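The structure appears right after this line, and notes come after that.
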Amino acid sequence: MNTEMKPVKEGKVREIYDCGDSLVMVATDRISCFDVILKNDVRKKGTVLTQMSRFWFDMTRDILPNHMISVDVKDMPEFFRQPRFDGNSMLCRKLQMFPVECIVRGYITGSGWASYQKSGTVCGIALPEGLKESDKLPEPIYTPSTKAEIGDHDENISYEQSIVHLEKYFPGRGEEYAAKLRDYTIALYQKCADYALGRGIIIADTKFEFGLDEQGNIVLGDEMLTPDSSRFWPAEGYEPGHGQPSFDKQFARDWLKANPGNDWTLPEEIVEKTIGKYLQAYELLTGKQL
């Protein structure tokens with residue numbers, strides 16, 4: 001029977017369905033820029049995001065378990081066996097999610113670069129003098145943030161603040177969890193960034209989310225190392241001293257900035273260029289065509 005199911009949670013791009021003892025996470029073809037959902041869909045984008053997460057989840061099982069059960073709709077409730085869910089849906093274990101986003105930066109860019117120019121620090125971490133924009137950092141840094149409700153902005157916090165924040169939710173375990181989340185985040189980033197560099201992609205920064213399973217184990221959840229949660233740069237032509245081109249929605253952002261009064265609608269050629277970048281990143285990283 002194909003009873004209509006409604007998502008229990010809807011983000012800017014993703015929808016989460018509750019299937020009792022598991023969840024189905026669907027990456028839609030919606031695209032958001034500047035915290036606004038655009039009127040265009042970017043065809044295949046959801047499939048790229050889901051299949052890329054699957055690729056990394058498989059690669060990092062030796063570091064810690066993740067929430068993925070299957071990306072095959074045949075393993076999901078019957079409702080999901082329709083074309084709009086094929087390829088872009090993931091059946092997942094339910095987790096109690098930690099209330100922090102675990103951000104790791106291997107290169108200095110974006111808000112980190114802006115902060116460094118003002119104070120020589122990023123999220124309270126002092127960095128060497130004389131770094132240029134997009135420089136590789138001496139070692140990756142962990143800069144967590146609190147998770148905001150949709151519409152609000154996440155707030156960057158120091159590692160010490162992350163201990164206090166976690167302690168509120170998990171009394172007596174704040175310090176232990178903060179250290180584990182930091183160490184897992186950096187281990188995951190180092191393994192995947194090294195791999196990606198060998199395939200021609202620099203992972204400048206990314207975010208992970210973790211949760212606890214019923215046995216109290218820390219498990220990697222959400223999405224992993226997609227162009228939506230990470231900054232991917234082509235290694236070819238990488239040159240510190242300015243911003244780098246990226247494999248994400250930069251085309252869309254740039255066009256929107258250059259065309260005020262756009263009513264949040266992209267021209268078809270910008271949509272094509274955007275999905276082209278997502279597909280190119282997927283093919284470079286996995287060595288496969290989608």
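Since this is a predicted model, take the numbers as computed values, not measurements. Positions are given from 1, in the same order as the sequence printed here.
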Which is it for Q161 and E155 under the side chain to side chain contact (heavy atoms under 4.5 Å, CB included) test, yes or no, and what are the steps along the way? CA-CA 11 Å; Q161 286 171 306; E155 186 189 346; 5.6 Å; no
Does atom CD of E176 have more than 12 heavy-atom neighbours, drawn from other residues, nucleotides or ligands, at distances under 6.0 Å? yes
Taking the side chain from R182 and the backbone from C102, do they hold a donor-acceptor pair closer than 3.5 Å? no
Under 3.5 Å donor-acceptor, D213 side chain and G216 backbone: yes
Between I157 and C123, is any pair of side-chain heavy atoms under 4.5 Å apart? no
Under a 4.0 Å threshold between the charged nitrogen and the carboxylate oxygen, would D263 count as salt-bridged to K39? yes
Would you indicate whether the side-chain heavy atoms of L38 and S32 approach each other to under 4.5 Å? no
F98 meets the ring-ring contact (aromatic ring centres under 6.0 Å, His included) criterion, sequence neighbours left out, with F170, Y177
Salt bridge between D29 and R43, side-chain N to carboxylate O under 4.0 Å? no
Ignoring hydrogens and angles, tell me if any N or O in the side chain of Y116 forms a donor-acceptor pair with the backbone of P128 under 3.5 Å. yes
Could E15 and K6 be called an ion pair, given the rule that one side-chain N must be under 4.0 Å from one carboxylate O? no
Ring pair (Phe, Tyr, Trp, His ring centres under 6.0 Å) contacts touching residues 235-288 (sequence neighbours left out): Y107-Y238
K12 (side chain) donor-acceptor with V36 (main chain) under 3.5 angstrom: no
Look only at the side chain of K277 and the backbone of K249, and say whether a donor-acceptor pair between them is shorter than 3.5 Å. no
Are K9 and D18 close enough for a salt bridge, meaning some N to O gap below 4.0 Å? no
Walk me through it: do Q280 and E283 pass the test side chain to side chain contact (heavy atoms under 4.5 Å, CB included)? CA-CA 5 Å; Q280 190 187 358; E283 285 163 17; 5.8 Å; no
The residue among D222, D228, T28 that forms side-chain hydrogen bond (donor to acceptor under 3.5 Å, both in side chains) with R14 is D222
NZ (K44) with more than 12 external heavy atoms under 6.0 Å: no
Run N66 and M224 through side chain to side chain contact (heavy atoms under 4.5 Å, CB included) and show every step you take. CA-CA 10 Å; N66 60 66; M224 182 174 187; over 6 Å; no
With respect to H67, which candidate in F208, F210, F57 satisfies the ring pair (Phe, Tyr, Trp, His ring centres under 6.0 Å) definition? F57
Looking only at atom types and distance, does a side-chain atom of Q51 sit under 3.5 Å from a main-chain N or O of G87, one as donor and one as acceptor? yes
Okay, side chain of S115, backbone of T121: is any donor-acceptor separation there less than 3.5 Å? yes
Side chain to side chain donor-acceptor pair (under 3.5 Å) contacts in which one or both residues fall within residues 189-202, not counting sequence neighbours: D62-K191
Rounded to the nearest 0.5 Å, what separates atom OG in S89 from atom CE in M76? 5.5 Å
Is it the case that more than 12 heavy atoms not belonging to R93 sit under 6.0 Å from its CZ atom? yes
With a 4.0 Å cut-off, would you call K147 and E209 a salt bridge? yes
